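Computation of the quantities below employed the complete heavy-atom set of this structure, encompassing side-chain atoms and omitting hydrogens, waters and symmetry-equivalent molecules. Order of the sequence lines fixes the chain letters, A, B, ..., with proteins taken first and strands second; residue numbering starts at 1 for each chain. The structure presented is a predicted model; accordingly, all values stated were derived computationally and were not measured.
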Protein chains: 2
Amino acid sequence: MTSTEHGHAAAPAVRPTRQRRAVADALASFDDFRSAQDIHALLTERDEKVGLATVYRTLQLLSESGEVDMLRTEDGEAIYRRCSATHHHHLVCRSCGATVEVEGPAVERWTRAIAAEHGYADIAHTLELFGTCRACAG
Amino acid sequence: MTSTEHGHAAAPAVRPTRQRRAVADALASFDDFRSAQDIHALLTERDEKVGLATVYRTLQLLSESGEVDMLRTEDGEAIYRRCSATHHHHLVCRSCGATVEVEGPAVERWTRAIAAEHGYADIAHTLELFGTCRACAG
DNA sequence: TTCTCTGCAAACCCTTTGCAAAAAA
DNA sequence: TTTTTTGCAAAGGGTTTGCAGAGAA
């Protein structure tokens, strides 16, 4: 028995479809965070017909597999962006969405220290910064 | 003319009602973040009849006036908490939910520095830590 | 063929809103 | 009385889901 064919609890194969490629490509054409609806609109505009539900399902998939970052706007909307390989956080303009990836070795260190101090193991953390970028501040 | 009576663009007077007191009290009885629905459920359970819409409206008001903190869960739900005097973050056990409030002067400083470096103003940030607490680690 | 994926439309869920009745000033 | 609030129920808006048909393996 091979694990890919008969392993119990094997994850179903993921098939590379036109739609999934389209969503991935759309994501690749942006530098900042976009909502599922934004991406669907872009695809429609490009005459790449992909159902909205499929866009949502694909983004969810990509997000779970770690290929895209997902975060929430102030009003609860999910926004996505292809992510780079290294662990980092985001500095997002709350007005125009312009995003800067930032790294924080100090924060990572602080995180581990705090966790250890309180006896917590297997630590993860979320950290996002919001502000108004120079252009939007006027 | 007095500013409170005839000032143009004067904000409407806010009236202290039974409902608003009830929501504030409910908030005061929690140490952690709760959703509007949680609070409404608590009030109902206590036989304090307050409409769900009123709970939402009141939380919004409190949030705007800075008396409560509002943030979003991973799945987009708004959660509220009376804000304590000091700014802090949470270290949450992903297994049992045990929460420790932690302060991070270093993080706050880092946040401001990063924002300044990239020209972002009016900075806010979210930071939450997740881990497994000693009890749950076994 | 078999199993996954898609599209559509309906369902969901949290949240907001319109409006007439109730309460505060 | 005038003005703000409330409650209800309906509407909104993003997101998810059921299911039958389409497509990949």
K.L.:
Under the salt bridge (charged side-chain N to carboxylate O under 4.0 Å, His left out) rule, what pairs show up with a residue in residues 119-132 of chain B, not counting sequence neighbours?
P.N.:
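Found A:Arg94-B:Asp122.
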
K.L.:
Under the side-chain contact (heavy atoms from CB on, under 4.5 Å) test, which residues partner A:Asp47, sequence neighbours left out?
P.N.:
none

K.L.:
Can you list, by chain and residue number, the hydrophobic cluster partners of A:Leu52 when the side-chain cut-off is 4.5 Å?
P.N.:
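Its cluster mates, by chain and number, are A:Tyr56.
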
K.L.:
Which of residues 52-67 of chain B have a heavy atom under 4.0 Å from DNA chain D?
P.N.:
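Contacts with DNA chain D under 4.0 Å: B:Ala53, B:Thr54, B:Arg57.
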
K.L.:
Looking only at heavy atoms, which two atoms of B:Pro16 and B:Arg21 are closest? And how far apart?
P.N.:
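Shortest heavy-atom separation between B:Pro16 and B:Arg21 comes out as O-NH2, 3.1 Å.
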
K.L.:
Hydrophobic side-chain clustering at under 4.5 Å (ILVMFWY, transitive links): who's grouped with B:Val50? Put none if nobody.
P.N.:
B:Val23, B:Leu27, B:Phe30, B:Ile39, B:Leu42, B:Leu43, B:Val55, B:Leu59, B:Leu62, B:Val68, B:Met70, B:Tyr80

K.L.:
Dump the pairs, protein N or O against N or O of nucleotides 23-25 of chain D, anything under 3.5 Å, distances to one decimal.
P.N.:
residue	atom	partner	partner atom	Å
D:dG23	N2	A:Arg15	NH1	2.6
D:dA24	N3	A:Arg15	NH1	3.3

K.L.:
With sequence neighbours excluded, what pairs up with B:Ser35 under the side-chain contact (heavy atoms from CB on, under 4.5 Å) test?
P.N.:
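B:Ser35: side-chain contact (heavy atoms from CB on, under 4.5 Å) contacts with B:Gln37, B:Asp38, B:Glu77, B:Ile79.
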
K.L.:
Mind listing the residues from residues 32-50 of chain A sitting with a heavy atom below 4.0 Å of DNA chain C? Number order is fine.
P.N.:
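Nucleic-acid contacts, sorted: A:Lys49, A:Val50.
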
K.L.:
Identify, with sequence neighbours excluded, every residue that meets side chain to side chain donor-acceptor pair (under 3.5 Å) alongside B:His125.
P.N.:
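In terms of side chain to side chain donor-acceptor pair (under 3.5 Å), with neighbours along the sequence ignored, B:His125 is linked to B:His87, B:His89, B:Glu108.
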
K.L.:
Would you say a side-chain N or O of B:Gln19 is under 4.0 Å from OP1 or OP2 of C:dA23?
P.N.:
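For B:Gln19, the contact criterion (side-chain N or O under 4.0 Å from OP1 or OP2 of C:dA23) is not met.
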
K.L.:
Which heavy atom in B:Glu48 sits nearest to a heavy atom in B:Ala22, and how many Å separate them?
P.N.:
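It is OE1-CB, 3.8 Å.
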
K.L.:
Output the rounded distance in Å from CZ (B:Arg72) to P (C:dT15).
P.N.:
6 Å

K.L.:
Just the rounded figure in Å: distance from C1' of D:dG13 to CD of B:Glu77.
P.N.:
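From B:Glu77 CD to D:dG13 C1': 16 Å.
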
K.L.:
Measure the CD1-OG1 distance between A:Ile123 and B:Thr132 for me, rounded to the nearest 0.5 Å.
P.N.:
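A:Ile123 atom CD1 to B:Thr132 atom OG1 measures 8.0 Å (nearest 0.5 Å).
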
K.L.:
Using five pairs at either end of the helix from C:dT1-D:dA25 to C:dA25-D:dT1, determine the angle between the two local helix axes and round it to 10 degrees.
P.N.:
30°

K.L.:
How close or far is atom C1' of C:dC14 from atom CG of A:Asp75, stated in whole angstroms?
P.N.:
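Roughly 13 Å, once rounded to whole Å.
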
K.L.:
Could I get the full list of side-chain contact (heavy atoms from CB on, under 4.5 Å) partners for A:Arg109, not counting sequence neighbours?
P.N.:
A:Pro105, A:Ala106, A:Arg112

K.L.:
Filter on ring pair (Phe, Tyr, Trp, His ring centres under 6.0 Å), then keep only pairs touching residues 31-53 of chain B, sequence neighbours left out; what's left?
P.N.:
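Every ring pair (Phe, Tyr, Trp, His ring centres under 6.0 Å) pair that includes a residue of residues 31-53 of chain B, provided the two are not neighbours, is B:Phe33-B:His90.
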
K.L.:
I need the CD-C1' distance between B:Glu74 and C:dC14, as an integer number of Å.
P.N.:
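After rounding, the gap between these two atoms is 17 Å.
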
K.L.:
Rounded at 0.5 Å granularity, tell me how far OG in B:Ser29 sits from CZ in B:Arg46.
P.N.:
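One finds 4.5 Å between OG of B:Ser29 and CZ of B:Arg46.
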
K.L.:
Spell out, as yes or no, whether a donor-acceptor pair under 3.5 Å connects the side chain of A:Arg20 to the backbone of A:Arg15.
P.N.:
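Yes, the answer is positive, given that a donor and an acceptor are paired below the 3.5 Å cut-off.
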
K.L.:
Rounded to the Å, how far apart are B:Leu71 CG and C:dC14 C1'?
P.N.:
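Going from CG in B:Leu71 over to C1' in C:dC14 covers 16 Å.
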
